[in-house]
Protein chains: 2
Amino acid sequence: MPSSVTALGQARSSGPGMASSACCCSPAAVQRRLPIMAWLPNYSLQWLKMDFIAGLSVGLTAIPQALAYAEVAGLPPQYGLYSAFVGCFVYFFLGTSRDVTLGPTAIMSLLVSFYTFHEPAYAVLLAFLSGCIQLAMGVLHLGFLLDFISCPVIKGFTSAATVTIGFGQIKNLLGLQNIPRQFFLQVYHTFLRIAETRVGDAVLGLVCMLLLLVLKLMRDHMPPVHPEMPLGVRLSHGLVWSATTASQNNYRIDANQELLAIGLTNVLGSFVSSYPVTGSFGRTAVNSQSGVCTPAGGLVTGVLVLLSLGYLTSLFYYIPKSALAAIIIMAVAPLFDTKIFRTLWRVKRLDLLPLCVTFLLCFWEVQYGILAGALVSLLMLLHSAARPETKVSEGPVLVLQPASGLSFPAMEALREEILSRALEVSPPRCLVLECTHVCSIDYTVVLGLGELLQDFQKQGVALVFVGLQVPVLRVLLSADLKGFQYFSTLEEAEKHLRQEPGAQPCNIREDAVPDHKVALLEA
Amino acid sequence: MPSSVTALGQARSSGPGMASSACCCSPAAVQRRLPIMAWLPNYSLQWLKMDFIAGLSVGLTAIPQALAYAEVAGLPPQYGLYSAFVGCFVYFFLGTSRDVTLGPTAIMSLLVSFYTFHEPAYAVLLAFLSGCIQLAMGVLHLGFLLDFISCPVIKGFTSAATVTIGFGQIKNLLGLQNIPRQFFLQVYHTFLRIAETRVGDAVLGLVCMLLLLVLKLMRDHMPPVHPEMPLGVRLSHGLVWSATTASQNNYRIDANQELLAIGLTNVLGSFVSSYPVTGSFGRTAVNSQSGVCTPAGGLVTGVLVLLSLGYLTSLFYYIPKSALAAIIIMAVAPLFDTKIFRTLWRVKRLDLLPLCVTFLLCFWEVQYGILAGALVSLLMLLHSAARPETKVSEGPVLVLQPASGLSFPAMEALREEILSRALEVSPPRCLVLECTHVCSIDYTVVLGLGELLQDFQKQGVALVFVGLQVPVLRVLLSADLKGFQYFSTLEEAEKHLRQEPGAQPCNIREDAVPDHKVALLEA
């Protein structure tokens, strides 16, 4: 589908980059807020056919999943369908990605379940309130906050949620009654009363699971869909896909625009008794693999859900809970990333910390798990800013090189290291501070370097700078530090410190450097 | 005093550096926790003479200041003296710096004043509780938290506190009654009732201020004290110093050990009705300029305070409030850094933000001001980690160079930039990612780079890496990214991308790299 990629690509590239300069009513700004304006004018019959098949496939997945996820949220099944169609229509106008589909998801249903208290009105209120917050975040461009949720936190959270959701369905699969909702109590009581299993429920559930497993195996041996395939093949392909879910695709989406779309869906949805919805990994993959071209596929899904609400609700009473349990278990199982622990052990062991904190705490309370994991990631980030590595070379002259940036929390530790290596030895030694990797410094660092220069002068040895980037040099020059000397290369600095002739510092600071000199340096 | 510097220098250098390897009962560890062990064995008669004079000078400053600061804290004057001697004895054993003196300070008194409610018991309880917290922080090595209070925040806070304290004394200087404590109300009422000024109070206060100003001018034209000066000269010198305060000295102190010393002082002090104390800038400068050699000087100060408590308390009733007001105003005035706004404008404009936030909010509530300022500094730090600068060179081959480190919140923005510059142009372009300044990467970044490699492969163009530091290379190799290629120099990479012969990537990743290969790279 290269044409649709290009259409959406144009919509994207005319987006964030130009937004700051363009007024809010320019065509580019309107296209950014209403991405439909970018692809609708080029809509073709070929796209319509592809979108129709994809929308049908997604719809056939969405209906059983919606019924099942309502059970996870602790709501009657029809609430799943109430939540499944508004997103399709909203995303048609506001969506930035052609294959994302909004609707009830397993993890969101788990989160909602803590606040329903078996009373749907709470869940609907929650949809309205969270929609308002999401809209506000989108309008205020707070989408960047999502950057601070690191990948190990997301993996830990989804893996823990998968276990919680999957295990929560064992009782339905086996037909056990009166099992508490809290995870640890649930595990205990499920095993305690495993003898009370109802055979009919268990057989039906296991048969459903087997069927879904066969469909999954069929899918794994099928090539992806192509526009040249006959309609029947593509539809059956979509059906096989729709019964099971798959790995997630990679999207480049505008986080703020997505927040607007999800927020509007939740607010509007709350007027038709929806509970909070979000983007579904599973159905998005179905959509993509069914060959969707534009968000128009969502219209077909939405109509299908509405039709089932109109004609099938009376049948919901007869849906066996164990069949829904089988659907849920097979839908969430692929979200558990079994390899992540081993991968992190091999690639970056430190990242196991936020992963494990999130994973373990999520069994206690999902929201505490995410919060604690995000906090641990943040603290690790701050730690690396406060204690950057320093490379030391003990050649003829002592050279210290901060391996990364230099910001205010790092200054005290750097000062301690410099003092202990250069001044608290006997005799005191000259030092070259190699600042190649430092791209900006703040006033606290400037002050700390000024104190260091004084300390070195008091002891009668030199502290010189090498490899200063222009913005850093500009700041240091404007601070008028006493005794500040810098050299363009390490060799020059070493020559100067060994007092060989011919090596002059770029500038010895005794009086103020005129601005035009700095301007020259920048040129 | 080179000998004392060396003695303390030895105590220091045997400190933090060895702590991790030494057991908690080794001589080095004991010396670190009881710094007195380092200098007492070498104590000499010459040091004793210097310490005696310095201790006397500090004592003569401490007594009037303690009486005055008690007024700032909203307590009877004797509470200042109750708070002024415990610190001298504790610091004798636990202090890491020879000239720091602990006791009541203007700013701490202002902070305490919000919690006294004119009832000294609250202030004493506050001393006990804050002492416990400080001790716990010292034991748990939480001193590093102080690194996160940046210099602009400290400057903003001290400047605002100076204005609050200084203006709070105008009413005492002029003899005005019933002025409210809240800063803005105080300003309003002071000006409203300026006509009620009592002439006697005003004249006495202004004469005291004039006297202190003359002493300050005398000090500014005096050389610092030397051991060769006669005793009388040194003592009078100390007295001139003691009446006024001066700029702060630069110390390298162990933050955790200082927390222990201050915490113990507050806990023990609370048993003798002390209110919270801390290190005093002013008296520390007096101590240093009077030529103190070891913390033993504090013993003399402590005894002097105890003597005045024993024999002078009956006289406190007659101390005129306007004279105390003059002492306070002259003591805090030098803490207001008039030049800091101009300096930051010249050196680093962005740092004016935390300064102004702290300065302005401190007039509302001091603790909110510090919190908000620290938060702003932290957010600025996180912003620079989340949105690092990227240098782009649009030569024959597109080269992107992150100007600093690369951590998880930055990945999404980097990906957007790369996509918009390399893949969303027509035709798509090859890209060299120059990672010289990246000293470590986390799993989120690895995953993001992996997705980028896939995006580039899909479009049929190359993404290659240059200048990888060994730890980064090790992580990327262990992640087995598909299509990962790196070159040691930019020239090699450009040659390869222009498909000239002779340029081979260091390694094309198709299968796992054996560990010994990475080990070789590190060698």
Side-chain angles (χ1 to χ4, degrees), chain A residues 9-10 12-13 16-17 144 146-148 150-152 250 252 255 343-344 346-348 350-351 377-378 380-382 384-389 403-405 407-413 415-416 419-420 423-425 436-444 446-448 451 454-455 469 475 478-479, chain B residues 9-10 12-13 16-17 144 146-148 150-152 250 252 255 343-344 346-348 350-351 377-378 380-382 384-389 403-405 407-413 415-416 419-420 423-425 436-444 446-448 451 454-455 469 475 478-479:
Chain A
Q10 282 170 348
R12 280 176 202 154
S13 55
F144 74 93
L146 302 178
D147 289 351
F148 287 93
S150 69
C151 189
N250 300 317
R252 184 198 164 196
T343 307
L344 282 187
R346 200 183 69 226
V347 176
K348 186 82 182 178
L350 202 60
D351 274 348
S377 308
L378 218 60
M380 284 164 56
L381 192 68
L382 286 179
S384 69
R387 298 289 177 269
E389 276 179 73
S404 180
S407 47
F408 68 90
M411 193 55 225
E412 199 51 38
R415 194 173 170 217
E416 299 241 336
L419 288 182
S420 68
L423 295 191
E424 285 167 7
V425 290
T436 317
H437 297 316
V438 179
C439 71
S440 99
I441 55 174
D442 53 51
Y443 183 66
T444 312
V446 172
L447 223 59
E451 287 171 11
Q454 282 181 26
D455 293 338
Q469 294 186 27
V475 169
S478 66
Chain B
Q10 282 169 351
R12 278 177 206 156
S13 57
F144 74 91
L146 302 178
D147 290 350
F148 287 94
S150 69
C151 189
N250 300 318
R252 184 197 166 195
T343 307
L344 283 186
R346 201 183 66 226
V347 176
K348 186 84 182 176
L350 202 59
D351 275 347
S377 308
L378 217 61
M380 282 162 57
L381 192 68
L382 286 179
S384 69
R387 298 288 178 270
E389 274 179 74
S404 179
S407 47
F408 68 88
M411 192 56 224
E412 199 50 37
R415 196 173 169 218
E416 298 242 337
L419 288 182
S420 68
L423 295 191
E424 285 168 6
V425 290
T436 317
H437 298 316
V438 179
C439 71
S440 101
I441 55 173
D442 54 49
Y443 183 67
T444 312
V446 173
L447 223 59
E451 286 170 11
Q454 282 180 25
D455 292 338
Q469 295 187 26
V475 168
S478 65

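Labels below follow one simple rule: chain letters A, B, ... track the order of the sequence lines, proteins then strands, and each chain is numbered from 1.
Within the model, atoms CG of B:Asp442 and CE of A:Met380 stand 7.0 Å from one another, a figure rounded to the nearest 0.5 Å. Expressed to the nearest 0.5 Å, how far SG of B:Cys151 lies from CE of A:Met411 amounts to 11.5 Å.
Nearest heavy-atom pair, A:Val347 versus B:Tyr443, reported as atom, atom and distance to 0.1 Å: CG1-CD1, 4.3 Å. Looking at every heavy atom in both residues, B:Ser404 comes nearest to A:Gly405 through OG-N, 4.0 Å.
For B:Arg346, there are no side-chain hydrogen bond (donor to acceptor under 3.5 Å, both in side chains) partners two or more places apart in sequence or in a different chain.
Ranking B:Pro388, B:Ser377, B:Ser407, B:Ala385 against chain A, the residue ahead of the rest is B:Ser377, based on heavy-atom pairs under 4.5 Å. Among A:Phe144, A:Phe148, A:Phe408, the residue with the largest count of heavy-atom pairs under 4.5 Å with chain B is A:Phe408. Each of B:Val446, B:Thr444, B:Val475, B:Val425 has some count of heavy-atom pairs under 4.5 Å with chain A, and the biggest count is that of B:Thr444. The most heavy-atom pairs under 4.5 Å with chain B, out of A:Leu423, A:Leu350, A:Asp351, come from A:Asp351. Of all the listed residues (B:Val438, B:Leu447, B:Ile441), the one sharing the greatest number of non-hydrogen pairs under 4.5 Å with chain A is B:Ile441.
Side-chain contact check for A:Leu382 versus B:Leu382: some heavy-atom pair is nearer than 4.5 Å. Between B:Gln469 and A:His437 there is a side-chain heavy-atom pair separated by less than 4.5 Å.
Using a 4.5 Å cut-off between heavy atoms, A:Ser150 touches chain B through backbone and side chain atoms alike. Contact of A:Ser384 with chain B is not made at all, since no heavy-atom distance falls under 4.5 Å.
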